[in-house]
Amino acid sequence: MPKNTLSVTDNRTGNAYELNIENGCIRTADLRQIKTGAEDFGLMGYDPAFLNTANCKSKITFIDGDKGILEYRGYPIEQLAEKSTFLEVAYLIMNGELPAQKQFDDFKYQVTHHTYVHENIKAFMDGFRYDHHPMSILASTVAALSGFYPEASKVKDAAVRRAQIIRMIAKMPTIAAFSYRHSLGMPYIYPDNDLSYAGNFLSMVRRMGETKYQPNPSLERALDVLFILHADHEQNCSTTATRLVGSSVAAGVTALYGPLHGGANEAVLRMLREIGSISKIPDFIKKVKEGGGETKLMGFGHRVYKNYDPRAKVIKRIADQVFDVTGKNPLIDIALELEKIALQDEYFVKRKLYPNVDFYSGIIYEAMGFPVEMFPVLFAIPRTVGWLTQWEEMITDSEQKIARPRQVFLGAKRRDFVSMDKRKAL
Ligand code: ACO
């Protein structure tokens, strides 16, 4: 009769143990009973970068990296990208089910009517130099919001929690657009409550002298789909940061900033520009392969997907719709050729390196007129939904505690203090 247990023999002692298996996991805390003697601390798991450690149970997003599957609350990303809207998906992610009409109308009203920021936020943002990276303006401004809403610290109160989540989803596009306008020295544009979530963002970014901004419907829809694709991605680096810090979207934004995560689309664009023409691709691929990990093909590879990132497939399709409006971004030809060569090359095939979401998103953002510095900001807007839903799941999970990993200490053994006159220079 098969049992959901794991039998372990400690060959140091000959002792045998039986560990429970639940949901395909053992609890690493169960390893602590495995000791060589009374003084022994007990066995731990060593797993740098959490390659094979689940940090939580979650019901939000499912990924099968080998098959290239991504689902929010059970719904395939391809169907959501085709049939849904970002706000509907945000509701789904937060609440577990798609909204009925009345629920959706209420949710939309709530989000739409929290888009304004306190005037002091504008003044705060004015303090940044014109060339400050918008992602760092976003992180700092989001951190400053806590001072404007001190009740947000009541994290155990479900109603207060929900109010802050709505506020954050509503205000992220405003702060993101203000950070962009600030970098150009242009006046901030207040939210327009008549427009959609994506349309209002485009208005705050683009509007000049006109009294009413009408977003191009194709670009508005493309941005909305990009927001859907980026809304959540289970326990990625920035979401894990948000869960570990335990209360901070600013932590998520900051973790998202770097080139191996949300800054990858910025890095892809810089890489494509550096390559410059199709004829230079073979030399670049050679550099990647012979560089011993120094030069990476940005936008390729993923910690979880060892198959084509399903989001990249959807993005590739919307690129054409955007180019119909904006004209073709010439970098797309370099990207397509790079992908074609890389997918046939043994180096990439062997390592299961496929294009990820960032390989094409930057090309679309650029065609839409966004500078590269704005790309991670455009990622942070929709990911706020994922960060906060994951954070709320953590807060309401009775098994969770303040995060505190163990370490394997390999440093100096205990020794006596040496006075300065007796120390040797290093
Ligand atoms: N180009 C070239 N080689 C790569 C790349 C790449 N983009 N990614 C991984 N490799 C190589 C590694 O050098 C390694 O080679 P080795 O076995 O000879 O040492 C092998 O493939 C395995 O890579 P790992 O480092 O184990 O992969 P890991 O899971 O740690 O990294 C990551 C995943 C960080 C995404 C990586 O693929 C990468 O840096 N990609 C480029 C940056 C990028 O596009 N990031 C966006 C990710 S999606 C997102 O955050 C939204």
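Whatever order the structure lists ligands and atoms in, that order sets their numbers, starting from 1. Positions are given from 1, in the same order as the sequence printed here. The figures that follow rest on heavy atoms only: side chains count, while hydrogens, waters and symmetry mates do not.
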Review item, side-chain donor-acceptor pairs of residues 343-350, under 3.5 Å, at least two apart:
from   : atom 1 : to     : atom 2 : distance (Å)
Asp345 : OD1    : Lys289 : NZ     : 3.3
Asp345 : OD1    : Tyr347 : N      : 2.9
Asp345 : OD2    : Lys289 : NZ     : 2.9

Parallel, tilted or perpendicular, as decided by the 30° and 60° cut-offs, for the rings of Tyr180 and Phe370: perpendicular
side-chain hydrogen bond (donor to acceptor under 3.5 Å, both in side chains): pairs with one or both residues in residues 291-309, sequence neighbours excluded: His233-Tyr305, Tyr308-Glu339, Asp309-Arg311
Ring centroid separation Phe300 to Tyr354 under 6.0 Å: no
Exercise: do Gln235 and Asn55 side chains pair donor with acceptor under 3.5 Å: no
Test ring-ring contact (aromatic ring centres under 6.0 Å, His included) applied to Tyr365 - qualifying residues, sequence neighbours left out: Phe375
For ligand 1, list every N/O pair with the protein closer than 3.5 Å, one pair per line with the distance.
from     : atom 1 : to     : atom 2 : distance (Å)
ligand 1 : 1 (N)  : Leu297 : N      : 2.9
ligand 1 : 3 (N)  : Tyr347 : OH     : 3.2
ligand 1 : 7 (N)  : Leu297 : O      : 2.8
ligand 1 : 7 (N)  : Phe300 : O      : 2.8
ligand 1 : 15 (O) : Arg351 : NE     : 3.1
ligand 1 : 18 (O) : Arg351 : NE     : 3.2
ligand 1 : 18 (O) : Arg351 : NH2    : 2.9
ligand 1 : 29 (O) : Arg303 : NE     : 2.7
ligand 1 : 30 (O) : Arg303 : NH2    : 2.8
ligand 1 : 39 (O) : Lys296 : NZ     : 2.9
ligand 1 : 40 (N) : Phe300 : O      : 3.0
ligand 1 : 44 (O) : Gly299 : N      : 2.9
ligand 1 : 44 (O) : Asn356 : ND2    : 2.9
ligand 1 : 45 (N) : Leu260 : O      : 3.1
ligand 1 : 50 (O) : His261 : ND1    : 2.9

